[in-house]
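Heavy-atom basis, side chains included; hydrogens, waters and symmetry copies ignored. Chain identifiers are assigned alphabetically (A, B, ...) following the order of the sequence lines, protein sequences preceding nucleic acid strands; residue numbering begins at 1 within each chain. Only a predicted model underlies this, so the values are computations on that prediction, with no experimental measurement involved.
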Number of protein chains: 2
Amino acid sequence: MSMPNLSALQVAPTAPGDAVNLQALRASCSACSMHQLCLPMGLDQGDMQRLEQVISRRRRIKRDEVLYRPNDKFDMLYAIRLGHFKTFQQNPNGGQQITGFQMAGELLGMDAIGAGVHLCQAVALEDSEVCEIPFASLEELFRDVPVLLRQFHRMMSLEISREQRVMLTLGSMTAQQKMAAFLVNLSSRYVSRGYSSTRFQLRMTREEIGNYLGLAVESVSRLFSSFKKSGVVDVNHRELELLDLPALRAIALGTDPCA
Amino acid sequence: MSMPNLSALQVAPTAPGDAVNLQALRASCSACSMHQLCLPMGLDQGDMQRLEQVISRRRRIKRDEVLYRPNDKFDMLYAIRLGHFKTFQQNPNGGQQITGFQMAGELLGMDAIGAGVHLCQAVALEDSEVCEIPFASLEELFRDVPVLLRQFHRMMSLEISREQRVMLTLGSMTAQQKMAAFLVNLSSRYVSRGYSSTRFQLRMTREEIGNYLGLAVESVSRLFSSFKKSGVVDVNHRELELLDLPALRAIALGTDPCA
DNA sequence: CGGACGATTGAGGCCTCTCAAAGAAAGTGG
DNA sequence: CCACTTTCTTTGAGAGGCCTCAATCGTCCG
């Protein structure tokens, strides 16, 4: 029997001169519904508390607010507690290329470790909440908590293989396949977060989807319409229902009999 | 003044029952021309020796030989000492999607840490040589050599941002831009290895380039021809010379005045 | 209520793929 | 060492998918 952890309710110690910030709450990993996906996965009670001491605070990010932008100095990782983000790189000719959509339980900022500065920009797609993880402190903790280090490596590696999957998508699929693969991917990520695999809200615009998949907005719209007409999805604005997940999978794999 | 390191010439201690393997040479990081790009970067003499003890052996990989394939258990990372590799994922409909070309000084296998098994296949594009790095031993060493851990994180992070760059390429560039960006990228990687920025050999086929960039072989061939005709490159078979690197950069960025 | 933004649908054009054929290079076996 | 096969590369012609341009409609928010 362990004592209930109330640290989530405590205000973080304010530095001298700082205004009291009610949002600077200590993070409580043990009480966080994402701890099975996030860094604390596999940690025992004691190690989890040490991690909580490293996580400086939780922070609310409003819709469209920027979490970090290119050339910002890298010193934090961000664990998404709640909400959705997009990350994008500036495209030389003005536009932006979205490199990913992130949801609760995922880690932001790992791509900046190498250069020491951020290379892309992270923006909240809706009102969200992140845990700020000072990377220097995290590195110190790695020495004492090998399980945590292993989990961190796991998450970095998963990010690499995720992007490899995207490359596969972008490189050698038709627009239809890309869209189907995108929806199936969202579905599977919602499942592992305890949400429905078939009904969820799109947190991004059609334009953002198209940007991510390398398609024009109009193509995305047409694909939604055609999927709707053939009965594999039902979609109203952002509200989405996957009526025939197996069919979507088949389309994504290019094994669709109705292609 | 330090003693010359002769460990590269010593045969690794053979386990009881093992046949003597002349190729199982101890790796010598200090004598390796790639140590400024690879894991030992920033390590002092002592730490480098500890790393050498972890690196079990060097291994020669012949052209077309497979280093690892999907579902192989992950227990090693591979540092490329010499030569070139490609990594690819199996495409559901039979084909393969190349996710990257790797050269000396780069690390292979990091994408497998997450799943514990390899997800893609690594094949040598020419006779090559790698250092085998048992990951479990490396993890132990991380505890004692924080600099090494930091360098490892740096390399994983660079891999993430490299793939983000590729996504940007694949997602929102014309065929011409993709090719130019590809050549410029190769050029810059050869520079940091001490080779010419303008003259080098392509280690991959046109088909592999096309596969990587999401283009048909014929498109790749046509693009080489058109680049040659406009005088920005000279190419004969695999022999390549970048005659106008600034122009190539401009094409890649979409700011080419002759577009 | 009106403006801004996002989404949908249509028409036309271009880029890149596919199909096809032939030449060149590299590797193989006698 | 040479003929042969295989693989790689190049070039052409045609088709198709997706983009661009344009207009309309619905929704959200000030």
Proximity to the side chain of [X] - top-ranked nucleotide from [options]:
X        : options                : answer
B:Ser219 : C:dA24, C:dT18, C:dT16 : C:dT16
B:Ala175 : C:dT16, C:dA7, C:dT18  : C:dT16
A:Thr205 : C:dA7, D:dT10, C:dC17  : C:dA7
A:Arg222 : D:dC19, C:dC17, C:dA25 : D:dC19
B:Glu218 : C:dT8, D:dC19, D:dT11  : D:dT11
A:Ser225 : C:dT9, D:dT9, C:dT8    : C:dT9
B:Thr174 : C:dT16, C:dA7, D:dT27  : C:dT16

Does the distance from a Lys or Arg side-chain N to an Asp or Glu carboxylate O, for [X] and [Y], drop under 4.0 Å?
X        : Y        : answer
A:Arg60  : A:Glu129 : yes
A:Arg203 : A:Glu208 : no
A:Glu163 : B:Arg162 : no

In this structure, how many angstroms lie between the [atom2] atom of [N] and the [atom1] atom of [X], rounded?
X        : N      : atom1 : atom2 : value
B:Leu170 : C:dT16 : CG    : P     : 13 Å
B:Arg63  : D:dC8  : CZ    : P     : 8 Å
B:Arg238 : C:dA25 : CZ    : C1'   : 10 Å
A:Leu223 : C:dT8  : CG    : P     : 11 Å
B:Asp64  : C:dA26 : CG    : P     : 15 Å
B:Met204 : D:dC8  : CE    : P     : 14 Å
B:Glu208 : D:dT7  : CD    : P     : 14 Å
A:Leu215 : C:dT16 : CG    : P     : 15 Å

Item to check | Ring-ring centroid check A:Phe101 A:Tyr212, cutoff 6.0 Å | outcome: yes
Item to check | Inter-residue atom distance B:Thr87.OG1 - B:Leu119.CG, 0.5 Å rounding | outcome: 11.5 Å
Checklist entry - Can you tell me if the side-chain N/O atoms of B:Ser221 get under 4.0 Å from OP1 or OP2 in D:dT10? => result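 Yes, within the criterion.
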Item to check | Check: A:Arg206 side chain, D:dT27 base, donor-acceptor under 3.5 Å | outcome: no
Next on the checklist: Using a 4.0 Å heavy-atom cut-off, does A:Gly214 contact any base of the nucleic acid, only the sugar-phosphate backbone, or nothing at all?
Outcome noted: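 If one applies the 4.0 Å heavy-atom cut-off, A:Gly214 turns out to touch the sugar-phosphate alone, with no base involved.
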